[in-house]
Each structure stands twice: as structure tokens, then as C-alpha cells.
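One structure below.
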There are 2 protein chains.
Amino acid sequence: MTNSKHTNGGVSLPLNQILSGDCIEVMDALPENSVDLIFADPPYNLQLKGELHRPDNSKVDAVDDHWDQFDSFKVYDDFSRDWLRAARRILKPNGAIWVIGSYHNIFRVGACLQDAGYWIMNDVIWRKSNPMPNFRGMRLTNAHETMIWATKDEKSKPTFNYEALKALNDGVQMRSDWVLPICNGHERLKDAEGNKAHPTQKPESLLHRVLVGSTNVGDVVLDPFFGTGTTGAVAKKLGRNFIGIEREEAYREVAARRIKDTRKFDNESLQVSTSKRAAPRVPFGQLVERGMLNPGEKLYALNGRHTAKVRADGTLIGNDCKGSIHQVGAALEGAPSCNGWTYWGFRKEGKTMPIDLLREQIRAEMGA
Amino acid sequence: MTNSKHTNGGVSLPLNQILSGDCIEVMDALPENSVDLIFADPPYNLQLKGELHRPDNSKVDAVDDHWDQFDSFKVYDDFSRDWLRAARRILKPNGAIWVIGSYHNIFRVGACLQDAGYWIMNDVIWRKSNPMPNFRGMRLTNAHETMIWATKDEKSKPTFNYEALKALNDGVQMRSDWVLPICNGHERLKDAEGNKAHPTQKPESLLHRVLVGSTNVGDVVLDPFFGTGTTGAVAKKLGRNFIGIEREEAYREVAARRIKDTRKFDNESLQVSTSKRAAPRVPFGQLVERGMLNPGEKLYALNGRHTAKVRADGTLIGNDCKGSIHQVGAALEGAPSCNGWTYWGFRKEGKTMPIDLLREQIRAEMGA
DNA sequence: CACAACGGTGAATCAGGAG
DNA sequence: TCTCCTGATTCACCGTTGT
């Protein structure tokens, strides 16, 4: 793991380190367009308790008899706007952010996020399998937290490892609700007296899914509210680089020790399933050039409804139409579009086989 | 059921009627402090762009109605502020509101709600058991919607039928995530041509739970975006009074007919049936996310004939094959299929134990 | 009559590259 | 920036038709 500076477009990043200080100031000192992903678990409580500062860095005296809800929302919104702005500047154009919160703050953070120009991809519900019950029976058990996954702007193309997430979910598309247990047991960090080291330590399973789904090996993941370093620990395990920012020295120390004791998984295990989109493009004409199909040969729609004839240039000629395998398939079906690779078949020894088999054969040779 | 005016503190209410017009104007004409509960399903401002087709080329019938179009976030926020203010005025001091939305609008609505002085009790996740998938594989399946339950102000003591909800949930405290199917089948209202009468009809089961949990028999429930009248129909069944407000005549007509055909449950049966829960599905990937198995760890076929290695996305890599626990097991055995849960084991303290034990462990936690 | 096969559909910010 | 083309992509459930 790189611990020194890392060159990124001519600028260097402090990789795999925990930076000390106010996250807004620290982020403002980092180069713009340099980070792949941000994971943020900002303070939830609106009663501030001296942990928040106004934009001018003056401290908010929240423990005050004249405490006022409206003022408090405004201060929290200002704070959210500021750190979201700083975060957005350092994100790469195709970068993304995850923010987690509860009903106390998530609506405000979400609105600030949209106002700042971020583009929401999904909101994701972490459904806790073992939440704390509501002891007084005055409300519903607060059994979930909300995460927002957003890109830097509307045009961003974020990393999304669709097939890997699908694999994590037994082969069906990952949904926007994730059932995972809260952090306790051995994973929960304690101090010498046995008190929990941090009040809101997130489970590694949650970060595992976030990082597998929206980063690749070697990416840079920044966490502006690092706490006890769950983001850093999971990033290290998964072969991602992290940058942590944390104001409290006690948390930094716990996080540093934790990450030092964390081991990276071996490279082979970090390979994940990929989608067909990543496979090299094979033009249909190549099947003809290579003699896998011959000009004049007949293709059969796999649904049995149509046939077409192969021409020397890799186009097809069907009933009153000609063009690519896709165009002819679409025309014959009267459909807006058609994937010719999965639509057409060829005859071999009396059986009809999809032409996609031939493409896979070529791809296998290319990969070899 | 009362259809005439209803005396409430010397003022009268138009009970069990569907009022025509803009909801803000209509609410402003109602007496203040007169309504027990408001359920609101405002436009989501979906901002859809082009057309969307399923993989089979059929077209998705999207929400493109004029009432869901807003020019900007600011226009939407102004709208939200206005109707939330009007709604708050007519609420009784201990009254409450439920608002439902998706990530497109819920953060803005939630922030407006807090700014207007409402006090959030819970946010509640409606987890759809049968959501529409993400057809292009570009995001997570949008499998939930968010509801906010809030009181008129911080000091309100809202109706909360804790025991009734607990009973609805097999005797354990109701959580903030509700698993319910979307509205389809016979419940879905259609016009003469078989088209859906309203693009976003909510399931009665959702309203049932809201009204059982936060109103009493005889209470007044107002819905400012009445649509096809799900709120009114469920209120009538449950012996609550409703007031509906709807701008579109077509929706009012459908709702009126629907409610006319709805019968109130007899008082005894206002208790409800509970749904049996099947054993929850646990994806193998969750064992990896949760650290019960680590990427790179070896699995052993319980018959002793093969081994394979775990990857970060919950797939296995065996001798010349990779895929799910089931696929790799089948490939190595040369079998058409294989139950990976009972085929594979992991080593612990020198002993090989079936991975199914880990799944059972997770299920035990979930059930608790 | 039972069961299988098939078709339809749901609040969706749903592609990416070459020219 | 815009147009055109290739070709990747779906889950649970309900209702109807067919065996």
C-alpha cells in the first residue's frame, strides 16, 4: 500500500493517511478533480453540542437556553452546504459520493446535495437486522438509516459494478434496501475501560458493499468524517486507497491502529464479476471474413419467425429489408431495436445455434 | 357514515366528500385545528427524459402527466412550502401528517416540513416486495419509497396505537421498514379500455397500516392529493371519516365510485390478518460482506473431492471455473445443478463445517 | 380440474461510442 | 454538440390460455 504522495494529473495526494483538522479546510487544500469516491457520515444531531462551526469558523454555542430550532437548522444547512461544496470540488468528473444519515439530518443533507449540483443515483436503505428497540413504545422502532448515492453532476458516469453487486445478491439485481446487522461484537472498537470508542461506528459490511459496488481496485476513497476508520479499513482490505480526515485526536489514534492491523485480501480474490459491456467489440463482419459464416448462408430467427441471408460485407438481406444484423432483426420484428447477436441463429448439423456462440469463440481466442 | 357537515368546535367540516379544486385554496377555506390526520402523496417531480424499454422491447408506461412537471427545484419547494403551511393550519394541535415520496422529492419535502415547524416522529420505508427492476443495469433496483410521519409541532402528542401495530407484526414491535406489495391485480383500478386509472395508485395495505397506527375510529383524515381515493376507501373500511381534495375530475369520478362500492368492516373485524413470513433469503455474498468468510478463504466440498476460493463479490473461483457457490459446485462435479449451501464447507479449528450453518446464524439474527 | 406455459406490467431521474 | 449505430438489459406477481 502506498503511503507516500501519489501523483495524479501532476498533483500529489496524501494517500492512505489520516489527516488532522477541519474537513472543509483540509479538503480545500487538496487538488481539485482528484478523488474517485467520497463516503461521508456527517454528524447527525441538530443540537450541535459545540461540534459545528459557522462558515466563518465561529463556534456555535448550542447549549443555550435561547436555543432555537430554526437557527439550528440554518446552521446545519450552512455546514452541510460548505462541506458538500468542498467535497464536490475534489471529486473527479465521474466521481461519486455516498452520504449516510437518519431522519434528523438526511432530508436537509439531501436537499443541499441537490442544490449543490450533485445528481442522485439512488437512495439506499440500510435495514438493520438487529436495531435497538424503542423502549418507551411511543414511536416505531428506528430500524434503518438512509444513504444517498450521488454523482458530481448530472452528466457523470460513475463506477457501478452491476455484476459484482448482482453476484453478492445471489444472482439477482441488487435492490435499494440492504439488510445488514449493526456493528457490535468483536468488530465494535472499545477503549481500555470497555466503553465504545465511537458512538456511531458503522459496520464493515456496509462499506464492503459500497466500495465493491462503486469503486475499482486502486481507486482513491476519501472520508471527511473518518471517525474510527471503517472506510479506511475496508478500503485497505479491498485494495483501494483511502484518505481520512478527522478532527478528534482520540479517533485518529484508534483508526490508525485499526488500519495498521488490517490486511489486504489477495489480488485474485479482489477480482469481481464484470458485465458484457467490458468485453471487446466484435463486428459481425468478422464472422464472415473468417469463414465462420459464408455469404449466401441462411440465418434463422431463434423465435422461428423469420430468416435472412448473409451478404459478403457482413450485412443481411431479409424480407424487403437489408442492413446490419440488428437493423434487419428490428425491421422484421417491427421493434424499436434488436440485439442481432441474440436474435439470429445459424444451422449446424440440423440444429440451430445462436450466432453469439461464434462471437464468444472469437473473444476466447482474443483473450488467449 | 356521516355525509353531512360535522360539528367540530362550533365549526363544520365537509366529511366523507371529495372536494374539487386546488388543495391549498380548499384547505385554506377549512377551519383551523379541525383535522386529526393528513395523508399526502404529492407529485414526485420525477424529471424523466426519454422513453424506456424493457429487454423484451416493450415500452414502460411512465409517469408523464402534466401534474408531475415542475420547472425547477425552487418552484417545487415553493409548492411544498405552501401546501404544508395550509395543511398545518387545519391540523388539530395533536394532529399528525404522513407524506410519501421518492428520492426525487422526499429530501426537499422533508426539509420544508421541518422548516414549517412540524416535528418528525419517524421516517418509514415502504419496502416493495415486487418493485419494477432496473432494466438497463445502470443503478440499483428502486425498491422502496419513503414516508415521513410528523406531528404539528414538537409538543404534539399524536395518536399512536402501539399495541395494534405490534399485533399486526406478529407480536413484535413494529419497525420503521414495512414490506408490502405494490398495487396491482384486481385492486388496481382500470378504465374501460383496461388502462390504469391513475399512474401511481397506492396499495390499500399501506394506508391500512398508517390509519390503524395513527388514528382512532371516528377520526377525520384529510388527503390533499386524493387521486383515485385509496385514503378514502381505507378510511371508510376502518370507520374513519375522510376529506378528499382532488383537482382532476376524472380522478374524482373514479374515487367516488370506488368509495361508494366500499363497505365498512364490522367493528369486530377491525382487527387485521397478518401475513406469514417465509424463511428470508440470504445471499451467499452476505457471508463475505459480514466477514464470516473472507475473500481468499478456501472452501472444501463436504465430499472431500474439490476446493474453491472465495472472491470479494461472493462468487467462487475453482479449478478452471468461477461463479456462484451453486455454479462452481455443479461445474466441478459435472452435475447439471448443485445446492452450494449443502455442498461446501469451511474450516474452523481444524474441522470442516457446512456453510449452511452460517446462513442459519444470519436467519436466527434476522428473525429475532 | 390441476398445472404449466405464456404474456403483461409496475412513481424510472435507465448507454456509450464513433463520426 | 448532435446524430447514428451497436448491442446490453429484468423481478415478482397476476391473469389467461393451453395441455
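By convention in this document, chain letters (A, B, ...) are assigned in the order of the sequence lines, proteins followed by strands, and residues within each chain are numbered from 1.
- Atom CZ of A/Arg363 is separated from atom P of D/dG7 by 8 Å (rounded to the nearest Å).
- Contact annotation: side chain of A/Arg281 to base of D/dT6, donor-acceptor pair absent below 3.5 Å.
- In the set D/dC5, C/dA11, C/dG10, the nucleotide with an atom closest to the side chain of B/Thr200 is C/dA11.
- Between B/Leu48 atom CG and C/dA12 atom P the separation is 8 Å, expressed in whole Å.
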Discussion item. Checking B/His53 against B/Phe135 for the ring pair (Phe, Tyr, Trp, His ring centres under 6.0 Å) test, could you report, in this order, the C-alpha distance in whole Å, the side-chain angles of both residues, the deciding distance, and whether it holds?
Written reply: CA-CA 8 Å; B/His53 292 86; B/Phe135 297 113; over 10 Å; no
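- The distance from atom CD of B/Glu51 to atom P of C/dT9 is 15 Å, rounded to the nearest whole Å.
- Nucleotide C/dT13 holds its P atom 3 Å from the OH atom of B/Tyr103, rounded to whole Å.
- Separating the CG atom of A/Leu287 from the P atom of D/dG7 is a distance of 11 Å, rounded to the nearest angstrom.
- Of the candidates C/dG16, D/dA8, D/dT10, C/dG16 carries the atom nearest the B/Met138 side chain, counting heavy atoms from C-beta on.
- Out of D/dT10, D/dT9, C/dT13, the shortest distance to the side chain of A/Gln173 is found at D/dT10.
- Checked against a 6.0 Å centroid threshold, the rings of B/Trp178 and B/Trp98 count as neighbours.
- Counting to the nearest Å, the C1' atom of C/dG8 and the NZ atom of B/Lys59 are 15 Å from each other.
- Remark on DNA chain C: of its neighbouring residues B/Arg54 and B/His104, the 5'-side contact belongs to B/Arg54, judged by nearest-heavy-atom nucleotide.
- Phosphate proximity of D/dG7 to A/His326: present, with a side-chain N or O under 4.0 Å from OP1 or OP2.
- We find that CG of A/Asn169 is positioned 9 Å from P of D/dC11, with the value rounded to whole Å.
- Figure legend: A/Arg359 and A/Trp341 shown as a cation-pi pair, the cationic atom lying under 6.0 angstrom from the six-membered ring centre and within 45 degrees of its axis.
- Side-chain nitrogen and oxygen atoms of A/Ser324 include at least one within less than 4.0 Å of the OP1 or OP2 phosphate oxygen of D/dT6.
- One P atom belongs to C/dG8, the other to D/dT9, and the distance between them is 24 Å to the nearest Å.
- With rounding to the nearest 0.5 angstrom, the CZ atom of B/Arg311 is 11.0 Å from the CG atom of A/Leu168.
- For the pair B/Arg108 and B/Phe73, the cation-pi criterion (under 6.0 Å, within 45° of the ring axis) is fulfilled.
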Practice prompt. Report the C-alpha distance between B/Asp82 and B/Leu84 in whole Å, list the side-chain angles of each, state the deciding distance to 0.1 Å, and finish with yes or no for side chain to side chain contact (heavy atoms under 4.5 Å, CB included).
Written response: CA-CA 5 Å; B/Asp82 288 347; B/Leu84 282 166; over 6 Å; no
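- Between the CG atom of B/Asn195 and the C1' atom of C/dT9 there is a distance of 12 Å, given to the nearest Å.
- With a cut-off of 3.5 Å on both pairing distances, the Watson-Crick or G-U wobble partner of C/dA15 is D/dT6.
- For A/Glu163, the listed nucleotide lying nearest its side chain is D/dT9; candidates were C/dA12, D/dG7, D/dT9.
- On a pure distance criterion of 3.5 Å, no polar donor-acceptor pair joins the side chain of B/Asn45 and the base of C/dA11.
- Nucleic acid contact for A/Cys338: base, since at least one base atom lies under 4.0 Å from a heavy atom of the residue.
- Rounded to whole Å, the C1' atom of C/dA11 lies 23 Å from the corresponding atom of D/dG15.
- Closest-nucleotide positions on DNA chain C for B/Arg188 and B/Gly137 were compared, and the one nearer the 5' end corresponds to B/Arg188.
- Here the side chain of B/Lys128 is nearest to one of C/dT13, C/dA11, D/dT10, namely C/dA11.
- Of the side-chain N and O atoms in B/Lys196, one or more sit less than 4.0 angstrom from OP1 or OP2 of C/dG10.
- Distance noted for atom C1' between C/dT13 and D/dG7: 23 Å (whole Å).
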